[in-house]
Every structure is written in structure tokens, then in C-alpha cells.
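See structure below.
Both ligands and their constituent atoms are indexed starting at 1 by order of listing.
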Amino acid sequence: MHDTQESQSRGILIVIEGLDRSGKSSQCQKLHDHLVGNGGQARYVKFPDRTTPTGKMINSYLTGSVEQDDHSIHLLFSANRWEAIKGIGRDISNGINVIIDRYSFSGAVYSAAKGNPELSLDWAWYPEIGLLKPDLLLFLDISPEEAAKRGNYGDERYETEKMQARVRTLFKELFARIDDLDVWLVDAGRAIDVVSQDIFAAIAKVSSDGPLTESLGKLGPLLSSTTT
Ligand code: Z5A
Ligand code: MG
């Protein structure tokens, strides 16, 4: 775990990913409170950040009030991360642990899951290359059927069981194609506090030795046939 007593050390970059309603936002908030409660500094960042100009365009698309070309909306989601990344890097350097709710991994798989033949997973990943690589990626795994039982499911674009099933498969393919990425699969179908305990245990094992200089790189080859 990042030693919050050493003012010299940097923060850690944690990403929480998962399907819709897998409990990402609940767990990000709990992790934030846990780190702060233990005397550390933490910041909770959520993508898409719907407050910025790009985020407002994304929100209009997600809520169905405007249509967008698949490539165009994809690049807007990516731009929404690029415009925030310097600030995140600065916080990490200043010893603040940054918890990110959805990141490049959601960015690539949701677009690729649309099934547009001109928007492959490889194409979708490309704009993410160069963004900061997380120290730890937690994937909250839940079946689309289980997720659908939770509140408000179905209000936004992409919130269908068919889409979520494709997304789940693509997440696993994507993780298998990224070198040297610390991914923890967490069974998110359990009670909230049980899931949190697993997450806190994973965080305790992360080291913040050395500067956070690593960036997301190109995807490796697909070694198994898990595509949709
Ligand atoms: N998207 C994209 O296409 N490209 C991108 O680059 C990015 C995103 C970043 C909006 O995302 C959409 O944008 C999303 C992907 C796409 N589309 N879909 N689908 P978002 O992050 O703004 O919204 P969301 O993640 O889809 O939904 P959510 O509401 O934020 O879900 P969540 O954060 O995973 O769950 P939650 O809010 O913590 O919990 C949901 C409910 O379940 C709530 O009532 C909780 O009290 C309950 N809950 C949570 N955990 C549990 C457990 N363990 N047991 C029982 N009940 C629980
Ligand atoms: Mg959420």
C-alpha cells in the first residue's frame, strides 16, 4: 500500500472497471473514504467527466438527445480523458492516490461492442496509447443478468443485456492483449462490503516505488478466440 507517511512518495493510480451497475461508483467512493480514513490523500475521478465541454456532448449522446457518428463519439470519450490526464499525473506526483471510475478500457470495449465493422478493438484502442498506465486495474465482474437486477438499469444508450454481454467478452480479450498490466478480477455479485474488503486487500499489495512514467502501449496479438 502507498505509505501515506512518506511525503516524498508518489500516489498510486487505481482504475476500477466493469459492466454497467457492477458497483464501480459505490466501490470507488468506498475506496476513497478508506484511503482518506487511513490518513492518505485521495482523489476520485470519473469518466466520462460530464462537466467539461466534451463531457456535455457525451452526456447528450448517452441520454439519447443527439446522435453522433460512432468514430466521432469514440474520439470524444478519449478526448475527455486526454484533457484530464496532466492534472491526474500532477496529483500522483504530489502524493495523492487517484481512483478512476472507468477509463480507456471502457473506452475501447464499448465502442468495439457496437459491431461497426469499421470500428475494431484495435482501432478503438489507438487513441488511448500514451495515457498513464494504472498501477492496478480492478475489474468488477458480474453477469449482465445479475447487473440488470440493480437500480435504474436501462435508462441510457448501451444499457441492454445484449450489449453488456459483448462488452464483458471484449473486456477480457482486451486485458489479455495488454502486456504487463496488473488486473484483478473481483466477483462483484457479492454484498457491497464483501467486495470492498477484496479491493482494500488488493490495494494493500500495490507498490508506489519509482515514478509513474509508464504509458498505455499498443495491443498485443489475440492469442485466443474470445471475440464476439
Ligand atoms: N462509456 C463509453 O462508451 N466510452 C468511454 O470511454 C467511457 C464510458 C468512459 C456511462 O458510464 C456509459 O458510458 C457506459 C459506458 C460508456 N455505458 N454503459 N452501459 P457511467 O460510468 O457514467 O455509468 P455506468 O457505469 O454505466 O452506470 P453506473 O450507474 O455508474 O454503474 P456502477 O457505477 O457500476 O454502479 P453503482 O452506481 O455503484 O451501483 C448501481 C446500483 O447497484 C446502485 O443502486 C447500488 O446501490 C447498487 N449496488 C452496487 N453494488 C452492489 C452490490 N454489491 N450488491 C447489490 N447492489 C449493489
Ligand atoms: Mg457509476
Side-chain angles (χ1 to χ4, degrees), residues 15-33 44-52 54-65 68-85 88 99-116 119 121 123-129 131 134 137-171 174 186-200 216:
V15 168
I16 300 195
E17 284 280 9
L19 298 189
D20 187 48
R21 299 300 181 266
S22 55
K24 299 174 300 300
S25 300
S26 307
Q27 295 299 338
C28 284
Q29 190 60 55
K30 279 179 162 289
L31 179 56
H32 174 274
D33 298 348
Y44 172 11
V45 177
K46 182 177 185 336
F47 291 117
D49 175 353
R50 302 189 195 215
T51 65
T52 72
T54 59
K56 286 180 182 151
M57 292 165 80
I58 291 168
N59 185 56
S60 303
Y61 173 77
L62 285 173
T63 53
S65 61
Q68 288 265 3
D69 168 76
D70 288 343
H71 297 83
S72 172
I73 186 66
H74 178 73
L75 294 171
L76 274 176
F77 272 113
S78 188
N80 189 246
R81 284 183 280 280
W82 276 102
E83 67 193 6
I85 205 68
I88 291 173
I99 303 154
I100 304 184
D101 187 345
R102 287 200 190 272
Y103 193 50
S104 304
F105 313 96
S106 280
V109 301
Y110 277 85
S111 292
K114 289 175 169 177
N116 180 336
L119 214 172
L121 190 61
W123 194 98
W125 182 253
Y126 221 84
E128 307 304 314
I129 295 174
L131 286 171
L137 169 58
L138 294 151
F139 181 71
L140 302 193
D141 198 24
I142 191 168
S143 69
E145 300 78 27
E146 197 62 35
K149 292 180 192 156
R150 296 183 179 171
N152 296 329
Y153 191 74
D155 290 350
E156 285 194 342
R157 206 185 286 260
Y158 304 156
E159 294 184 353
T160 64
E161 280 188 40
K162 190 173 164 217
M163 177 76 175
Q164 298 294 322
R166 290 158 66 90
V167 162
R168 192 185 194 201
T169 304
L170 280 170
F171 262 127
L174 181 64
V186 178
D187 175 0
R190 299 168 297 161
I192 293 190
D193 289 336
V194 176
V195 176
S196 303
Q197 289 309 317
D198 271 12
I199 292 177
F200 301 163
L216 294 171

By salt bridge (Lys or Arg N to Asp or Glu O under 4.0 Å) - contacts of Lys46 (at least two apart):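 For Lys46, no residue satisfies salt bridge (Lys or Arg N to Asp or Glu O under 4.0 Å) once neighbours in sequence are set aside.
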Partners passing salt bridge (Lys or Arg N to Asp or Glu O under 4.0 Å) against Asp69 (at least two apart in sequence or in another chain):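 For Asp69 there are no salt bridge (Lys or Arg N to Asp or Glu O under 4.0 Å) partners, ignoring immediate neighbours.
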Intermediate values then yes/no, side chain to side chain contact (heavy atoms under 4.5 Å, CB included), Val167 and Asp20: CA-CA 10 Å; Val167 162; Asp20 187 48; over 6 Å; no
Using distance alone, determine whether [X] and ligand 1 share an N or O pair under 3.5 Å.
X: Arg21; answer: yes
X: Tyr103; answer: no
X: Gln27; answer: no

Close approach of Arg81 to ligand 1, heavy atoms, under 4.0 angstrom: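 Heavy atoms of Arg81 do come under 4.0 Å of ligand 1.
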Heavy-atom gap Ser22 to ligand 1 smaller than 4.0 Å: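 Right, Ser22 reaches ligand 1.
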Where ligand 1 meets [X] - atom numbers and elements under 4.0 angstrom, heavy-atom basis:
X: Ser26; answer: 36 (P), 38 (O), 39 (O), 49 (C)
X: Gly107; answer: 4 (N), 5 (C), 6 (O)
X: Ala191; answer: 53 (N)
X: Glu159; answer: 19 (N)
X: Arg190; answer: 52 (C), 53 (N), 54 (N)

Among Lys46, Arg150, Gln164, closest by any non-hydrogen atom to atom 20 (P) of ligand 1: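 Comparing heavy atoms across Lys46, Arg150, Gln164, the nearest one to atom 20 (P) of ligand 1 lies in Lys46.
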CA sep, side-chain torsions, deciding dist, call: Asn80, Arg50, side chain to side chain contact (heavy atoms under 4.5 Å, CB included): CA-CA 9 Å; Asn80 189 246; Arg50 302 189 195 215; over 6 Å; no
Flag: protein heavy atom within less than 4.0 Å of atom 43 (C) of ligand 1: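 False for atom 43 (C) of ligand 1.
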Number of protein N, O or S atoms [distance to the Mg ion (ligand 2) under 2.8 Å]: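 Excluding waters, the total comes to 1.
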Ring geometry between His74 and Trp123 (parallel below 30°, tilted from 30 to 60°, perpendicular above 60°):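 Because their plane-to-plane angle lies in the 30° to 60° range, the rings of Trp123 and His74 count as tilted.
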Whether Trp125 and Phe105 hold their rings parallel, tilted or perpendicular, with breakpoints at 30° and 60°: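 Plane angle between 30° and 60°, so tilted.
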Does the [X] side chain pair with the main chain of [Y], one donor and one acceptor, at a distance under 3.5 Å?
X: Lys114; Y: Met163; value: no
X: Glu146; Y: Ser143; value: no
X: Glu156; Y: Gly64; value: no

Minimum heavy-atom distance between Val195 and Arg190, given as atom pair plus value: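 Shortest heavy-atom separation between Val195 and Arg190 comes out as CG2-O, 3.7 Å.
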What part of [X], side chain, backbone, both or neither, has a heavy atom within less than 4.0 angstrom of ligand 1?
X: Pro48; result: both
X: Lys24; result: both
X: Leu62; result: side chain

Donor-acceptor side-chain pairing of Gln29 and Asp33 below 3.5 angstrom: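 Distance-only check passes for Gln29 and Asp33.
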Any residue meeting ring pair (Phe, Tyr, Trp, His ring centres under 6.0 Å) with Phe200, in chain and number order, not counting sequence neighbours: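 Phe200: ring pair (Phe, Tyr, Trp, His ring centres under 6.0 Å) contacts with His34.
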Beyond-backbone contact of Leu140 with Ile199, side-chain heavy atoms, under 4.5 angstrom: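 Answer yes - side chains close enough.
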Residue and atom name of the nearest protein heavy atom (relative to atom 26 (O) of ligand 1), distance in Å to one decimal: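 Of every protein heavy atom, Asp20 OD1, 2.3 Å lies nearest to atom 26 (O) of ligand 1.
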Protein heavy-atom partner closest to atom 2 (C) of ligand 1 - residue, atom, separation in Å: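 The closest heavy atom on the protein side is Phe77 CZ, 3.3 Å.
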